[in-house]
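Heads up: the structure comes next, in structure tokens.
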Amino acid sequence: MGQSDVTALLEAANRGDAAALKAAFATVYAELKRLARRQLSASSTPTLDTTALLHEAYLKLTQQGAGLRDRAHFFAVASRAMRQIVIDHARAKLTEKRGGMQVQLVGLEDATEVPSGSFGPEELLRLEHVMAQLEADEPRLANLVDLRFFAGMSVADIATMQDLTERTVGRDWRRAKAILYEALYPDP
Amino acid sequence: MDRSRLHELFAQLLEIEPVHREPWLRAACGDDHAMRDRLERLVRADAKARDFMEAPPGLLAESLVETLESDPDRPLAFGPYRVVRSIGIGGMGEVWLAERSDGEFEQRVAIKQIAYPTPGLLQRFRQERQILARLEHPNIARLFDGGVDGRGVPYLVMEYIEGAPIDVYVRRASLDIRARLRLFLEICAAVQYAHQNLVIHRDIKPSNILVCEDGVPKLLDFGVAKVLATTDEAQPTETLARMLTPDYAAPEQFSGGAITTATDVFALGVVLYELLAGVRPARPRPGDGADPLAPSAALARTEKAAAGRAVRGDLDRIALKALAFDPARRYATAHALAADIRCHLEGRPIAARGDGALYRLQKFALRNRLALSAALGVILVSLAAAAVSLHEAGLARGEAQRAQAVRRFLTDTFAEISPDENGGQPVTAHQLLDKGAQQMQDSVRYQPALQADLGTLLGSLYRNIGDVERADELLHHAVETSTGAGVPAEIRARSLIELGYLEVDKHAFVPAYDHASLALRLAESAGAAGTREASDARHMMNGLLVWRGDANLAEQPLRETLAADQARYGEVSEFTADDWQTLGIALDELSRYRESADAFEHSVAAWRAWHGDRHGALGRALNDYGLMLLHSGDLVGAERRLREASDIADALYGPDTEGARSVRSNLLRVLEQQGKLAEALPQRLRLVQIARQRSRADRPDVLAYALNVAAMDRRDLGELEEAEAGFRETLALWKEIKGTDDAYEAANPLMNLGICLALEGRYPDAEASLRAALAIQEQHDAPTSQWPNLTRAHLGNVLRLRHRAVEGRRELEAALNALQRSGNETNPSFALMDAQLSEAQLDTADAALAEATATAALAAARKALPKANVRLGAPLFALGRAKLARGRAEEAEPLLREALAVRSPPHPPGDPRVVEVEVALAVALAALDRRDEAAALAAQVAPELTASQSPYAADLRARLAGAH
């Protein structure tokens with residue numbers, strides 16, 4: 001797969017070519033993992049700069065001077081890929097832990113107060129399930145969650161990329177969080 | 001359930017204020033209880049989800065890494081540099097370690113690439129290259145090269161810094177506090193250097209400060225740096241917010257406030273805090289305005305209590321000041337921060353604690369003072385900020401609550417102003433002060449002590465930025481308020497002193513002196529709390545004594561103050577430099593020129609060492625020094641100093657500003673003393689013109705001085721009518737300014753007018769004018785000073801011309817006797833006076849004595865003046881006359897010819913100063929039996945003599961006739 005091909009793939013995907021989307025996705029997925037490896041192995045600090053990662057991938061996989069719209073498409077796909085990477089890994093971990101058995105996804109047993117950062121494997125799988133629903137209802141919000149949570153982009157950067165105001169993005173983000181939270185930890 | 005409707009309603013609901021939600025829900029949902037229930041759940045979820053998903057999932061890192069393997073895709077080379085490995089991913093993209101080895105040269109470099117070349121990033125990348133290219137400093141990573149790779153992506157080749165981030169380094173090396181501070185000072189120097197090159201780093205943090213094995217710290221990654229004074233607003237600043245490490249970003253960066261050097265100072269403060277306390281300061285929530293915990297307190301919370309003791313006190317203060325929430329309260333420059341740290345290391349008092357440094361810096365005016373120019377908003381804010389902090393610190397010595405109140409007041413006031421409120425324009429100091437003054441007026445609840453304090457502070461700041469009116473209002477009010485009950489003596493003293501400074505600015509020296517001496521008494525009564533005020537009051541009184549002419553009274557206290565300051569601050573300090581300068585002026589007044597030169601040399605050296613070669617204080621000192629040399633007759637020396645002072649003033653303030661003009665005026669006097677009047681006059685007239693335009697309204701005294709000097713030039717160029725008009729206009733101005741006829745400043749123009757009138761032959765008016773001048777001068781100047789004696793000599797000369805030679809001679813003798821002669825042999829004014837005495841002696845039939853006097857005068861004049869200088873004319877003429885009277889015409893002739901040569905030009909033909917020599921020459925020629933020559937000369941001169949109304953012309957006619 002050549003460097004400039006992902007743009008073409010994405011364009012095709014936009015026109016409805018499912019195979020093209022799959023191919024694009026796979027390329028990005030692989031590239032992200034490769035870049036992340038390099039970033040983590042080389043630096044002395046363990047923090048991962050995910051947005052830089054996406055930029056790096058973008059550079060590697062697309063033509064120079066691609067427009068904002070193409071960039072937004074790429075990032076939508078790339079951040080979706082990030083989510084996928086994380087979920088796959090979470091699934092693998094859980095399978096490992098429980099000796100290969102399939103994990104129960106309906107999880108009200110862990111409904112406690114706000115777990116603001118402890119997204120362990122179970123949490124993540126539940127999140128994935130809830131996000132699938134969100135994707136169906138409000139795909140824009142789901143994309144936003146991908147960009148913000150999985151790709152680590154700031155509200156400001158997202159706003160620029162999608163050509164919206166920060167206020168709008170902020171409001172949507174707030175809404176998305178409320179919806180996800182309610183879904184994950186509903187009141188009894 | 002209609003999910004899309006649910007989401008839509010929820011979106012709307014979030015925009016509604018909680019109090020209105022109930023009714024809205026009822027209206028929107030109606031009977032749909034299920035919908036309503038879901039919406040309410042969502043609202044509750046929203047309330048709890050504030051921090052939800054704000055941090056990335058912990059699994060992210062490990063999910064992205066499976067095995068480490070080498071990367072087949074990395075670039076191999078950039079030009080002559082061979083890539084070794086990746087260093088990591090920086091703010092804009094990947095960074096590679098590379099090597100260059102082309103035979104002799106082995107060098108390791110860091111190559112920085114841009115990950116995503118959007119136009120914005122590309123531009124910033126280019127800018128980083130430009131920025132780095134101009135920065136050359138041992139503590140800043142050097143830029144070696146730059147280029148564009150095969151794909152068109154630009155890269156930078158930089159110095160490879162192999163080292164640890166500074167926080168890691170100090171831990172590993174177990175550095176003590178002092179060692180950490182020394183390291184930190186190097187970084188401050190680097191940041192200051194960058195600022196001086198108009199670059200703000202904006203992303204200072206420990207990971208951008210690497211320390212190499214040899215212990216040298218280096219500042220990296222100017223990638224997000226901003227160049228000051230750029231007008232290109234298209235720079236994408238907001239998207240960079242991601243790249244800023246939140247912990248090191250100054251509060252104003254979050255609220256979109258102006259990024260200034262204070263922002264970098266904040267980041268330095270955080271780094272300093274970390275170096276001291278081992279942890280980062282806890283961020284206050286926006287809107288809190290609270291300052292973080294002091295580093296020593298932070299240390300005390302951990303087990304490192306002992307370390308806390310080392311840090312407590314000065315270092316706490318320094319760190320907290322650098323971290324002040326309000327940028328106006330921080331150190332204005334990295335240099336200021338470093339200076340305080342250095343003070344701490346050397347055991348000296350720090351500025352943040354307050355030793356009156358700023359108050360000292362608000363220097364009162366001395367003669368020919370250079371005006372403070374209106375500076376940029378940022379700098380003035382710093383000045384205000386510095387004043388505020390010092391003021392606070394001064395108060396903290398007294399009552400803590402009052403300090404708190406002031407701080408709160410000023411924070412409230414200054415924090416409210418942001419460029420957004422101001423239409424995006426940077427806030428000027430004037431606006432800040434106006435806001436403060438308004439606030440103060442509105443807050444009647446402050447007790448008198450606080451009111452007086454604040455009023456004094458604000459008034460002094462207004463004075464600093466040149467708003468005399470507002471300063472006057474506030475300071476007078478402050479003085480009044482301070483007489484109220486319960487106001488501590490030192491606050492009263494302070495307000496009186498500030499008022500005094502203002503009065504000196506306005507040349508109101510008498511009230512200034514009174515206020516200063518009252519302030520001194522009050523300050524002394526306040527004991528330790530008033531030491532600073534007492535010192536300032538004494539300084540002001542010394543200066544005022546000199547200014548108003550009581551230099552002899554001032555000398556002793558000045559020397560005492562100098563000794564005290566030398567002991568306390570050393571030779572290289574602004575206080576010592578200023579003391580030497582004041583002493584120099586005092587000695588100038590006393591005509592003790594050699595001692596004065598010595599004092600000035602000390603002053604200038606101290607200023608150079610303290611501030612460098614281009615600073616207003618040095619300029620002022622050189623100006624005063626040059627003037628003194630002018631008075632003493634050392635024209636070469638005067639020109640040298642005044643030229644340097646003029647260059648400084650032009651560069652710092654601009655050539656048309658009042659300050660620069662006054663120095664240039666002094667420099668022109670050198671030309672005039674050299675007799676180059678024709679050259680000087682047009683420049684003089686230009687200065688008058690500028691003064692009329694720019695200074696007439698608020699500084700009429702500047703115009704008055706300019707007119708006076710221009711008139712003097714005209715007089716000596718023989719334009720007597722214009723000269724007279726000029727002197728009269730000057731006097732009228734002084735009368736208007738001072739409200740009286742006999743202000744001290746009127747003396748010199750009166751004397752000059754007298755000389756002018758004498759040349760016109762209007763002796764009664766001339767005498768009156770000179771007597772008026774003398775009366776004023778005798779009130780103010782020491783009897784040994786040259787000024788009254790010069791006037792007296794001119795008076796004597798006029799009396800002689802009025803045929804009252806005996807009286808005239810008496811005046812002249814008195815004048816010369818009174819003068820302090822020693823050390824002044826080179827003053828040409830004395831030669832003039834001797835020449836006048838010689839003529840008086842001649843006219844009282846003492847030819848032998850006249851000859852002796854004139855001979856001595858000429859010898860002195862030749863020593864003091866350059867060859868062919870116009871002022872040699874008087875002694876030459878006097879000696880010529882004397883020789884003639886003694887029958888030595890052959891000796892007289894060359895003298896008189898020389899007198900003619902030096903006097904004309906600049907004096908025009910027909911000028912009495914030229915005609916009198918021609919007459920004498922004609923007489924001499926006649927005595928030498930060269931009748932034809934004599935007759936020719938006499939014929940040449942005759943018409944001018946007949947045309948003149950002057951009694952002197954009659955005398956000259958008589959002399960001419962007597963020769964035949």
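Computed from a predicted structure; not experimentally measured.
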Segment of A:Leu127 engaging chain B (4.5 angstrom heavy-atom cut-off): side chain

Side chain, backbone, both or neither: which part of A:Val145 has an atom under 4.5 Å from a heavy atom of chain B? side chain

For a 4.5 angstrom cut-off between non-hydrogen side-chain atoms, does A:Tyr185 reach B:Phe52? yes

Do the side chain of A:Lys177 and the main chain of B:Asp46 share a donor and acceptor less than 3.5 angstrom apart? no

Does any heavy atom of chain A fall under 4.5 Å from the side chain of B:Arg41, the backbone, both, or neither of them? both

Any salt bridge linking A:Glu138 with B:Arg3? Criterion: basic side-chain nitrogen under 4.0 Å from a carboxylate oxygen. no

Closest non-hydrogen contact found for B:Ala45 with A:Ala178 is CB-O, 3.6 Å

Identify the heavy atoms of A:Ile179 and B:Leu42 that sit nearest to each other, and give their distance. CA-CD2, 3.8 Å

For residues A:Leu180 and B:Met53, report the shortest heavy-atom separation together with the two atoms involved. CD1-SD, 3.8 Å

Segment of A:Gln133 engaging chain B (4.5 angstrom heavy-atom cut-off): side chain

Can you tell whether the side chains of A:Glu182 and B:Arg38 come within less than 4.0 Å, N to carboxylate O? yes

Does the side chain of B:Arg50 come within less than 4.5 Å of A:Tyr181's, by heavy atoms? no

Should the heavy atoms of other residues, nucleotides or ligands under 6.0 Å from CD of B:Glu15 be counted, would the total exceed 12? yes

Between A:Arg171 and B:Leu14, does a side-chain contact (heavy atoms from CB on, under 4.5 Å) hold up when you go through it step by step? CA-CA 8 Å; A:Arg171 268 200 306 224; B:Leu14 277 185; over 6 Å; no

